[in-house]
Amino acid sequence: MPMKILLVLLPILFTLPAFAQAPAPTPLEIAENRVINAWEALESAQGVLNVAIQLEIEGIALPVQGAGPFAYRNHRGKRLLRIDLDGNISAPAISPTGALPVQFQGLFDGAVAHMMTNMLFQTTVMRHKPKDEDLALGGDALFKALHEDCEVRLLPDREVNGVPCYVFEARVREPGDDPLEPVKWTLCLAKDSGLPLRAQGFDHRGREIFRAFMTDVSLNPLLSLSRFEFVIPPGARVVEGDDFSQLIPLPR
């Protein structure tokens, strides 16, 4: 055997055992892969989404609560999502007599995201075209987004409305200065579908500032594509971008 070939082969031969004995996947990797596979197999879903947010804009505390139907469909590789919420905002500084009613609709048609609020006699539509890397609806995209910004660990399993779930904790590596931006997330992802049946966000003081949970979930129902078409209502104020504060019509 020529010496040159031998010198090339020797390092490869000595490293073959390392390739043959790949490390076993960790419990976190096993759970993530199972959730990803379940999400990829999910064709559609619908149910009721409940949301509570401790919102504050320009020094005004605005606790938000809402509930309403959600619908999801995987159509030829495009992830379609629609959420319709009815709720209220407790805003003593604006309405001392009681809570302000608010309606919210969020719709992603596979290319453009529309978010609409109806409150304070004003309908506002925010239109945004996310980049591919921002679309973390579930599965592999969700875990990729989490691992880019957070330290992720697996917590003990739990059931949400009788559905077994994997529980993941994600702590943001470099928290920002925004007190409304969660620095820790707890996600309960269904083992049978990959759906986030429960999600909680906590601030730097450990307070829960975001909570969402799903009820009455049905898997793989027949959903019309027309359900995921957005029509801007007449007279609506339309803004571009992803500044969510624009959805609340406060004086600026």
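Computed over heavy atoms, backbone and side chain alike; hydrogens, waters and symmetry mates excluded. For this chain, numbers begin at 1 and follow the sequence in order.
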Side chain of [X], backbone of [Y]: donor and acceptor closer than 3.5 Å?
X	Y	result
N74	W39	no
S44	P221	yes
R227	A71	no
R82	Q105	no

Would you indicate whether [X], at its atom [atom1], is surrounded by more than 12 heavy atoms from other residues, nucleotides or ligands within a distance under 6.0 Å?
X	atom1	answer
E240	CD	yes
Q200	CD	yes
L225	CG	yes

Quick check: closest heavy atoms across [X] and [Y], and the distance to 0.1 Å?
X	Y	value
V112	H114	CG1-CE1, 3.5 Å
P182	G201	CB-CA, 4.0 Å
V167	P156	CG2-O, 3.4 Å
L223	A45	CD1-O, 3.8 Å
L85	G66	CD2-C, 4.5 Å
L42	S193	CD2-O, 3.9 Å

So [Y] and [X], do their side chains get closer than 4.5 Å, heavy atoms only?
X	Y	result
V163	C188	no
F104	V51	no
F143	L189	yes
L81	R79	no
L197	V217	yes
Q46	P69	no
M116	T123	yes
L142	V35	no

Same hydrophobic cluster for [X] and [Y], using side-chain heavy-atom links shorter than 4.5 Å among ILVMFWY?
X	Y	result
I53	F202	no
I232	L107	yes
V160	F70	yes
L146	F168	yes
M115	V125	no

Rounded distance (nearest 0.5 Å) linking atom [atom1] of [X] with atom [atom2] of [Y]:
X	Y	atom1	atom2	answer
K78	D109	NZ	CG	7.5 Å
R198	N50	CZ	CG	10.0 Å
L100	I89	CG	CD1	6.5 Å
T186	R211	OG1	CZ	12.5 Å
R173	H147	CZ	NE2	8.5 Å
E43	L222	CD	CG	9.5 Å

Take L80 and Y72 through the test side chain to side chain contact (heavy atoms under 4.5 Å, CB included) and record every step on the way to the result. CA-CA 6 Å; L80 314 180; Y72 163 81; over 6 Å; no

Determine whether L219 and L195 satisfy the following criterion, side chain to side chain contact (heavy atoms under 4.5 Å, CB included), listing intermediate values before the conclusion. CA-CA 10 Å; L219 302 180; L195 284 172; 3.9 Å; yes

Working note: V152 + E32, criterion side chain to side chain contact (heavy atoms under 4.5 Å, CB included); need CA distance, chi angles, decisive distance, verdict. CA-CA 11 Å; V152 182; E32 289 184 359; 4.2 Å; yes

Measure up the W185 and F210 rings against each other and bin them: parallel (under 30°), tilted (30 to 60°), perpendicular (over 60°).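 W185 vs F210 ring planes: perpendicular.
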
Given the rule in the side chain to side chain contact (heavy atoms under 4.5 Å, CB included) test, do R153 and L28 qualify, once you have shown the distances and angles that lead to the verdict? CA-CA 7 Å; R153 69 186 185 111; L28 174 62; 5.7 Å; no

I'd like to know if E169 and R171 make a salt bridge, using a cut-off of under 4.0 Å between side-chain N and carboxylate O.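 A salt bridge is present here (some side-chain N lies under 4.0 Å from a carboxylate O).
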
